[in-house]
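A short write-up of the structure that comes next.
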Amino acid sequence: MAGTTTQPTSRTRSWWGWGWTDAHPDDAECAAMGALLPGTLSRPLPVPRVRDLGIGSPAVEPPPSLAHLVTADPGDRAAHAMGKAYRDVVRALRGRPGRIPDLVARPTDEQGVADLLDWAGDRQVAVVPYGGGSSVTGGVEYRGDAHRAVLSLDLTAMGRVLEVDTEGRAARIQAGTLGPSLEDQLRPHGLTLRHFPQSFEFSTLGGWLATRAGGHYATGRTHIDDFVQAMRVVTPAGTSSSWRLPASGAGPSPDRLFLGSEGALGIITKAWVRLQERPRHKASAAVTFTDFHDALRAVRTLAQSDLSPANCRLLDSGEAALSGAAQDGSAVLVLGFESADEPVTARLERAVGLARSYGGRYGGTAGPDQAPGEAAAGDTGGDAAVGAWRSAFLRMPYLRDGLARMGAVAETFETAATWDRIPGLIEAVRTEVGSAALKATGHPATVNCRLTHVYPDGAAPYFTVLAAGRAGDEVALWDDLKAVAGEVLHRHRATITHHHAVGRDHRPGYDRQRPEPFALALRAAKGALDPRGILNPGVLVD
């Protein structure tokens with residue numbers, strides 16, 4: 001049974017920053033935030049305007065057969081020039097967005113994708129796939145000058161749930177389907193994909209697949225990989241269509257070739273994904289710890305238990321204060337459980353009891369909870385700290401952009417490592433990135449940490465950096481701080497990214513992390529599937 005798309009909205013997306021234009025902090029709120037951080041500007045940078053970019057005519061024109069799919073509108077081109085990382089926001093604020101795509105294409109079906117790739121290959125046009133545009137690693141922009149022109153391939157006109165198999169709990173969904181539309185189309189069937197990254201509102205199924213995105217589940221099915229049943233991918237060499245199977249041991253998985261390929265090997269057009277019944281039972285709680293290392297031990301034990309919490313996020317004292325979850329210097333563990341068929345209060349109580357055995361404090365009452373991406377009317381958290389964390393979680397990208405307007409550095413990065421390395425890794429990042437920021441700006445920096453996903457054998461630390469900027473040189477400053485962080489991650493054998501993808505910003509770390517025989521095979525796959533080198537050049541391999 002097919003669903004109906006609900007992609008359009010009356011609200012306006014920001015072309016230069018995160019989310020909706022009507023949700024951005026105003027000048028007064030920006031100034032108030034900047035006043036709390038030494039070394040910021042006296043007044044916020046003005047909101048950038050497309051007309052000030054001086055966007056010229058495109059270097060190529062599409063053939064008449066494809067003209068109905070393509071636009072050269074300056075606003076569209078500016079909005080597709082970059083993702084939503086801090087360095088992207090600052091470049092837009094400073095009027096230096098980089099290479100603006102010559103054209104933006106919105107194919108409505110697979111044939112349109114194939115036709116656009118054929119034309120682009122013939123004309124030496126680079127093709128940069130674009131879903132919701134929420135990349136924070138330079139994954140949706142073109143850098144360099146090796147191609148005659150650049151085409152941003154926007155998949156959001158392909159936004160339908162095509163088929164739902166209620167018996168097998170799976171759905172065939174077009175890759176351009178945005179998160180809210182996907183869930184809206186599944187809701188009448190009583191089913192859900194239940195993959196809620198922080199970018200849920202502004203990202204697509206195809207983007208999740210192409211970047212191996214992490215969702216809201218803190219344990220178990222943490223990545224979109226776990227939900228994939230089959231995929232269709234259009235490449236310049238032909239279309240790859242894997243069989244829909246519950247499992248297979250038939251050689252290397254074709255889906256694994258394209259999961260995380262970031263559009264460098266082909267364009268994901270649709271996928272069969274595994275669904276589940278919508279949860280009816282939810283409960284949450286927040287447990288506070290005086291000692292962060294005690295909290296780490298509690299979380300490790302939870303991850304190695306059979307409790308499988310849906311949410312198990314540990315905030316250090318700085319992150320807890322920033323989100324409003326605690327203001328007394330405590331670390332906060334946010335726990336959440338959910339189920340479609342049985343109450344979860346007993347599991348939550350067991351988890352709270354386990355946390356208490358490591359020095360955790362809990363004085364609240366467990367109550368209903370919801371996932372960050374699921375805005376259920378009237379559904380409130382059972383703990384004030386949980387509600388504060390959730391509100392801050394959704395608001396934080398907007399506040400980051402407000403701080404960027406004040407000339408501050410406000411950005412995040414994430415990683416993953418085994419438990420034996422986690423304490424030392426966190427301490428080294430805090431110390432070395434903080435010291436580098438102080439040396440570069442003359443002002444102390446804040447480096448906070450939270451664990452977003454936990455496993456029996458390790459965890460995914462997620463760091464927030466708040467620091468004074470260098471007026472007009474904010475991008476270079478952040479690049480330097482990120483390089484310091486990258487060295488720490490490499491030294492501790494922590495991945496360059498747990499769920500934000502490689503893009504172009506993480507290429508140096510990825511090149512060092514992957515084994516050379518695998519790199520050799522990846523280059524060969526790139527050469528075979530994209531012989532003219534037009535697909536997202538600079539991502540993953542050269």
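When reading the values below, keep in mind they use all heavy atoms of this one structure, side chains included, and skip hydrogens, waters and symmetry mates. We're numbering straight along the sequence, starting at 1.
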**OP:** Sequence neighbours left out, what passes side-chain hydrogen bond (donor to acceptor under 3.5 Å, both in side chains) with H498? Give chain and number order.
**Re:** Y455
Original post:
Within the distance-only criterion (no hydrogens, no angle test), does the side chain of Q327 pair as donor or acceptor with the backbone N or O of A321 below 3.5 angstrom?
Top reply: yes
Subject >> Expected output: side-chain H506 to main-chain A501 donor-acceptor under 3.5 Å >> reply: yes
Original post:
Taking the side chain from R11 and the backbone from G19, do they hold a donor-acceptor pair closer than 3.5 Å?
Top reply: no
Original post:
Does K526 pair with D542 as a salt bridge, N-O distance under 4.0 Å?
Top reply: no
Original post:
Which pair of non-hydrogen atoms, one from V502 and one from T497, has the smallest distance, and what is that distance?
Top reply: N-CG2, 4.3 Å
Subject >> L193 backbone acceptor or donor facing E183 side chain under 3.5 Å >> reply: yes
Original post:
Do D511 and R507 meet the salt-bridge criterion of a basic N to acidic O distance under 4.0 Å?
Top reply: yes
Subject >> Backbone N/O of V150 and side chain of D102: donor-acceptor pair under 3.5 Å >> reply: yes
**OP:** Mark yes when over 12 heavy atoms from residues, nucleotides or ligands other than D145 sit less than 6.0 Å from its CG; otherwise mark no.
**Re:** no
Original post:
Under the side-chain contact (heavy atoms from CB on, under 4.5 Å) criterion, do V128 and V539 qualify, and how do the steps go?
Top reply: CA-CA 10 Å; V128 180; V539 168; over 6 Å; no
Subject >> Over 12 non-hydrogen atoms of neighbours within 6.0 angstrom of CZ in R523 >> reply: yes
Original post:
After noting the C-alpha distance and the side-chain angles of E432 and E487, does the key distance pass the side-chain contact (heavy atoms from CB on, under 4.5 Å) rule?
Top reply: CA-CA 10 Å; E432 296 183 38; E487 287 299 321; over 6 Å; no
Subject >> Ion pair R313/E319, N-O distance below 4.0 Å >> reply: no
Original post:
Taking L466 as the fixed residue, which of V447, L403, L36 is the one that meets the side chain to side chain contact (heavy atoms under 4.5 Å, CB included) rule?
Top reply: L403
**OP:** Please say which of L116, V234, L66 ends up in a side chain to side chain contact (heavy atoms under 4.5 Å, CB included) with P107.
**Re:** L116
Subject >> Salt-bridge criterion met for K482 and D479 (N-O under 4.0 Å) >> reply: no
Original post:
Hey, does the side chain of Y510 reach the backbone of G503 with a donor-acceptor pair shorter than 3.5 angstrom?
Top reply: no
Original post:
Quick check: does any side chain N or O of R99 sit under 3.5 Å from a backbone N or O of R143, one acting as donor and the other as acceptor?
Top reply: no
Original post:
Between E110 (side chain) and K270 (backbone), is there a donor-acceptor pair under 3.5 Å?
Top reply: no
Subject >> R395 bridged to E29 by N-O distance under 4.0 Å >> reply: yes
